[in-house]
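Have a look at the structure below before the remarks.
Remember, predicted model here, so these are calculated numbers, not experimental data. Both backbone and side-chain heavy atoms feed into the values below; hydrogens, waters and symmetry mates do not. In the text below, chain A, chain B and the rest are named by the order of the sequence lines, each starting its count at 1.
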Number of protein chains: 2
Amino acid sequence: MKTRPYHHGDLRAALLALAEDTLRDRGPAELSLRELAREAGVSPAAPSRHFKTKQALLDALAVEGFERLTGTMTGVLERAGASFAERLTALTRTYVSFATGNPALLELMFSRKHEPNPPAELITAMQGLMTMATDLIEDGQRRGEVREGPIVMAAVPLAAILQGMTDLALSGGFTGEQVDEGLTETIAFILRGYAP
Amino acid sequence: MKTRPYHHGDLRAALLALAEDTLRDRGPAELSLRELAREAGVSPAAPSRHFKTKQALLDALAVEGFERLTGTMTGVLERAGASFAERLTALTRTYVSFATGNPALLELMFSRKHEPNPPAELITAMQGLMTMATDLIEDGQRRGEVREGPIVMAAVPLAAILQGMTDLALSGGFTGEQVDEGLTETIAFILRGYAP
DNA sequence: ACCTGAACACCGTTCAAGT
DNA sequence: ACCTGAACACCGTTCAAGT
């Protein structure tokens, strides 16, 4: 049998995993570095070697979330059809599925959006997701399935509707089936809006 | 000249005003009850008579925000034209204007959306805003300017796009002029989506 | 009714010191 | 390099006591 990693092996990864757990079932307000340290079996000062500050840990968690989401999306796109409608549907379903599966993490991922100095790593991770949206639209425009216009402006409604759809799925008390129907409706709305 | 209100007059209102100030220019994370008490010139325990907990103060602030926003919107609607396009434009501009003027407050207003037990007052205040959106759409449907369909589902894209537009205006580093153009684009997108 | 003073159990962060 | 122990300056909240 394996012994526990000597002197706490990979504390950084352990802290991230524990943080995601408490984030998931007790919310970000309840997250305490000292408590994380206790759960990991280290002293209160130990985490500071890996995350200079509590915010740094939260940022690292957010980056991890973006990477997981964009990774999944990339995989899904490879298996999806070529039309704008098919690719939009595939990405939308992936996004909403991630959101309903990791609501607190998703909120954390976007929580630093309006703040003055988001760390470079987080900006990069966020842009990765934004790029998937703009690529989707540009591809649709090339295929003549999406009306012309500035890409950034076109990406806003898409991103926004996804967030809104997600909110409804999370807090609306809907069944999985209802969310699925709503998704179809929403995608139809977007397609009409983008129609040439 | 007026003397300062005896024994701190309306501490409740004073705390709310001070809280909104620090929320505006230092963010919600920096908000401390003890500091608010210091600024108001009372003991650390004094606020607890008016707000049992820090969250209660934040909730009260959020409720105040919703009331101010819906109040302004109602006034604007009275002066707006009758067509769906006109009323949608009027409400959208009012919303984005409030959002860019009170970004931190707006975020606070929606921050308890996903949490388990939002206080009844906050739910009511949020529903007031939601009702304005659904009323707008129902009115458009009655006039034959908006396609038929479940109102809730139709309100999601609207609310979502507004939030998304707001995000872009806040964190995109756009000029007022650019936001204005973007708004026109966005409204056009919504109108196409809703077209019968 | 409204507020004070003092206390309790926590925080995040720092820093010398250990291994 | 990584962690401990102890300390510092703060929290939110509670509760007897004052006016």
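Atom pair B:Arg49:CZ and D:dT19:C1' shows a separation of 14 Å (rounding to whole Å applied). As rounded to whole Å, 17 Å separates atom P of D:dA9 from atom CD of B:Glu35. For B:Leu33 and C:dC10, the CG to P distance is 19 Å, given to the nearest whole Å. Rounded to a whole Å, the CG atom of A:Leu31 is 13 Å from the C1' atom of C:dC11. In this structure, the CG atom of B:Leu11 is 9 Å from the C1' atom of C:dC3, given to the nearest Å. In this structure, A:Glu30 places its CD atom 13 Å from P of C:dC10, rounding to the nearest Å. Rounded to an integer number of Å, the gap from A:Lys52 NZ to C:dT13 C1' is 13 Å. Distance, A:Leu15 CG to C:dG12 P: 12 Å, rounded to whole Å.
With salt bridges taken as basic N to acidic carboxylate O contacts below 4.0 Å, none links A:Arg26 and A:Asp21. Taking the charged nitrogens against the carboxylate oxygens, A:Glu20 and A:Arg68 do have a contact shorter than 4.0 Å, which makes a salt bridge.
Note on A:Arg38: a side-chain N or O is less than 4.0 Å away from OP1 or OP2 of C:dC11. Dashed line: the shortest gap from a side-chain N or O of B:Ser48 to OP1 or OP2 of D:dT14 is not under 4.0 Å. Between D:dA1 and A:His50, no contact under 4.0 Å exists linking OP1 or OP2 to a side-chain N or O.
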Task: Working for side-chain contact (heavy atoms from CB on, under 4.5 Å), residues A:Asp135 and A:Asp139 - done: CA-CA 6 Å; A:Asp135 284 354; A:Asp139 186 57; over 6 Å; no
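Among the heavy atoms of the strands lying under 4.0 Å from A:Ser32 are primed sugar atoms or P, OP1, OP2 only; no base atom is included.
Remark: aromatic rings of A:Phe98 and A:Phe66 are distant, center separation not under 6.0 Å.
The nearest pair of heavy atoms linking B:Ala60 to B:Arg12 is CB-NH2, 4.3 Å. Scanning both residues, B:Phe84 and B:Ile137, for their nearest heavy atoms gives CE1-CA, 4.3 Å.
Side-chain atoms of B:Lys54 lie closest to D:dG12 of the nucleotides D:dC15, C:dC11, D:dG12.
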Open item on the list: For Watson-Crick and G-U wobble pairs within 3.5 Å on both distances, what is DNA chain D written in dot-bracket notation, | included for inter-strand pairing?
Closed with: ||.|||||...|||||.||
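Checked by atom type and distance alone, the side chain of B:Gln141 never pairs as donor or acceptor with a backbone atom of B:Val146 at under 3.5 Å.
Contact annotation: side chain of B:Arg34 to base of D:dT13, donor-acceptor pair present below 3.5 Å.
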